[in-house]
Amino acid sequence: MKAVGLDIGSLATKLVLLDENKKMIDWKVNRSTYDFKRVGGDLFKDILKEHNLSRSDVFVMSTGYGRNTVDFANDRITEITAHAKGVQYFYPDARSVIDIGGQDSKAIVMSSKTGNVIDFQMNDKCAAGTGRFLEVMSHALEVPINEIGTLALKSNSPASISSTCTVFAESEVISLFAQGSSKIDIAAGINKSIARRVAGMAKRIGVEPLLVFCGGVAKNIAVKEYLETELGFEIVRPEYPQLTGALGAALISFDNHK
Amino acid sequence: MKSLELLSEYSNYLEEQKLEGKKIIAFMSHDSIPEELIDAAGFIPLRLIFAGNDDLMNASHDYLPPSTCSFAQSCIGYFARKPNLYKFLELVDYILLSNHCVSDICVSEIISDNFNVERLNLYVPYTRNESAIKYYKIELENLRKELENIIGHEIPDQKIKESIDKYNLFKKKLAEIEKLEISGSQKLEIFQKAILFGPKILNEIEKLIQKNREITSNDSQTESNNKKVIFTGCSIFLGDYLMDLIEESGGEIVFFNTWIGHNYISQIYSDKILNSTDDPIDLFLYRFKTNIYGDHSVPDSLDNEISYLETFINEYQKENGEKLAVINHVIKFCDHFSLFQSTLKERLQNKGIQVLNLERDYSRANRGQLSTRIEAFMEMI
Ligand code: SF4
């Protein structure tokens with residue numbers, strides 16, 4: 001049997017296919033839209049077709065914000081447990097995870113003996129410290145979201161963004177422009193503000209190295225660097241930071257069907 | 001759905017009582033309000049134990065900033081939202097202001113100033129030393145006088161004593177519910193109903209206990225795989241979806257260490273104490289003095305609370321051979337529980353007890369996140 005992990009996040013849906021030896025043989029990512037069920041279902045159908053598989057050839061484990069909408073899954077698991085498992089695929093010595101997704105951010109601590117989750121913390125429903133915050137700010141700055149990180153790193157004097165609320169922070173960005181701050185410094189301030197908020201949350205549960213940074217926002221190099229400064233140690237980022245949840249879900253489905 | 005049935009039953013009950021000429025005194029459901037005194041004076045004590053929602057919280061924002069505790073916001077919303085979600089609250093005659101927290105004071109003031117509800121006051125000390133007890137006595141006597149002025153005659157000691165006996169018997173029965181082998185949600189429903197209706201439903205409770213005993217003795221025990229949890233912090237109010245989320249995630253609450261739960265039920269007098277005095281005020285003072293939940297916002301109160309939880313957990317684990325985890329429910333911006341959550345978690349985790357600090361408000365948008373946090377916690381333990 002093969003296994004599929006399907007991570008339906010608020011902004012992106014991710015799918016990972018593992019072969020019998022738990023080797024990742026394919027993956028897919030698409031925007032979640034408002035129709036979680038359809039997007040997840042379409043990705044699943046596509047992967048089966050491309051690999052000449054039928055439903056009965058795979059275990060399916062769903063995870064993420066929309067995990068309950070996947071009616072063809074054998075089982076479901078929260079993204080907290082899934083990410084913890086997924087990062088250990090790439091980094092078996094991982095002790096902590098920071099996952100910054102579209103609408104939430106999480107910090108997870110794993111046991112050094114078992115690798116199981118021993119504590120976690122999530123942001124509340126506020127968008128500060130999430131991908132959504134970055135999206136709104138990149139819009140205000142008129143900089144594409146995938147460029148905001150590289151732009152930020154050119155700054156020698158990041159602007160200070162003190163509002164944690166996305167709406168107020170947007171007004172703050174506009175007033176920084178009015179005061180003559182450069183786009184580069186404001187971009188740096190925005191990335192720093194996310195890092196500060198998430199690091200604060202992570203420190204509360206005692207994250208420690210080896211810490212794996214994952215989720216869509218992990219692709220942003222500036223947030224990674226600022227997180228390292230805030231935490232006081234280096235962190236690592238897997239090659240596909242968006243996929244760790246789906247990957248973890250697929251791995252757990254193997255464990256469940258041992 | 002069950003909560004809707006209960007609310008409609010309660011509404012009918014209040015309407016009947018009003019037709020009989022009774023008056024209703026509402027108050028926020030915190031500690032040390034002598035409901036027996038209110039009952040003996042012929043009033044209906046009404047605890048505000050209804051869960052909030054977005055509409056209720058929004059309706060409160062003309063009176064309170066959104067950074068106030070979301071339960072307090074919702075209490076204002078009960079009166080401010082039109083049409084009224086809990087229509088029976090239009091029948092309330094008085095609000096009893098107490099000072100359990102700043103929100104408690106603000107809510108009672110706002111309700112009395114804006115919604116045509118007269119206010120009574122009862123200040124309760126935060127600690128239980130000798131001067132606090134003297135002060136509580138003065139407050140009780142003042143409240144008694146205020147009630148007597150309204151009804152136009154004295155409230156005989158004997159009548160208060162009878163009411164104390166009645167509530168005491170009722171709480172003893174509720175304590176038996178705590179030990180029944182029924183689900184957490186079933187227990188909670190009973191506690192919520194009991195807190196609304198009081199000893200009037202004693203027979204119903206007795207029958208339920210009897211029926212449950214028969215079922216348990218006929219059934220062979222089946223082991224449940226659910227994760228056993230103690231629930232502490234803010235109470236779960238009527239109509240809240242939180243209990244569903246916990247049970248759907250495979251959690252089973254075995255003990256409600258909250259006001260709607262053990263805090264209320266545990267305040268029982270022994271026969272010896274009951275018979276030791278004819279002065280009912282002495283009995284209120286005794287209860288105040290011995291109430292382990294009474295201290296708050298004073299040094300060491302959290303330590304006592306934590307030690308109590310630890311003892312309970314250890315005893316439970318010894319008796320049942322099962323591990324217990326803790327869900328600490330914090331209603332957003334609640335001054336008492338928000339400030340203490342990190343210490344509570346740290347202290348219990350150091351003893352190897354896993355803790356989920358579940359901070360939330362009553363908005364719909366919170367539901368997905370809450371369920372993820374609860375499910376992840378269940379996966380973790
Ligand atoms: S939930 Fe907390 S802040 Fe709100 S009314 Fe109760 S004790 Fe006060």
Can you list the steps and then say if B:M380 with A:I108 is a side chain to side chain contact (heavy atoms under 4.5 Å, CB included)?
CA-CA 11 Å; B:M380 185 177 100; A:I108 307 166; over 6 Å; no
Correct closest heavy-atom pair for A:Q103 and B:Q369 would be O-NE2, 4.2 Å
Tell me, yes or no, whether the heavy-atom count around A:H139 atom NE2, taken from other residues, nucleotides or ligands under 6.0 Å, exceeds 12.
no
Non-hydrogen atoms of chain B under 4.5 Å away: do they reach the side chain of A:I252, the backbone, both or neither?
neither
Quick one: CD on A:E79 to CD on B:E375, what's the gap to the nearest 0.5 Å?
9.0 Å
Check each atom of A:R204 against the heavy atoms of chain B and say whether the ones under 4.5 Å are side chain, backbone, both or neither.
neither
Ranking B:Q349, B:R360, B:E346 by heavy-atom pairs under 4.5 Å to chain A gives rank one to B:Q349
Please list, chain by chain and in numerical order, all residues satisfying side-chain hydrogen bond (donor to acceptor under 3.5 Å, both in side chains) with A:Q242, sequence neighbours excluded.
A:K219
Can you say whether B:S342 sits under 4.5 Å from chain A via the side chain, the backbone, both, or neither, judging by heavy atoms?
neither
Just by modelled atom types, is the A:I77 backbone N or O under 3.5 Å from a matching donor or acceptor in the B:E379 side chain?
no
Contact origin within B:L356 toward chain A - heavy atom pairs under 4.5 Å
side chain
Taking the side chain as every heavy atom from C-beta outward, state whether A:R67 and B:T372 have any pair of such atoms under 4.5 Å apart.
yes
Proximal component of B:E359, with respect to chain A [non-hydrogen, under 4.5 Å]:
neither
A:D119 side chain reached by B:Q354 side chain, heavy atoms, under 4.5 Å:
no
Does atom NZ (A:K203) have a neighbourhood of more than 12 heavy atoms from anything else shown, all under 6.0 Å?
yes
How many angstroms lie between atom OG1 of A:T81 and atom CE of B:M378, to the nearest 0.5 angstrom?
12.0 Å
For the OH atom on A:Y65, are there more than 12 heavy atoms of other groups (residues, nucleotides or ligands in this structure) within a distance under 6.0 Å?
no
Heavy atoms of other groups near A:K113 NZ, more than 12 under 6.0 Å:
no
Might you point out which heavy atoms bring A:F120 and B:A376 nearest each other, and give the distance in Å?
CZ-CB, 3.8 Å
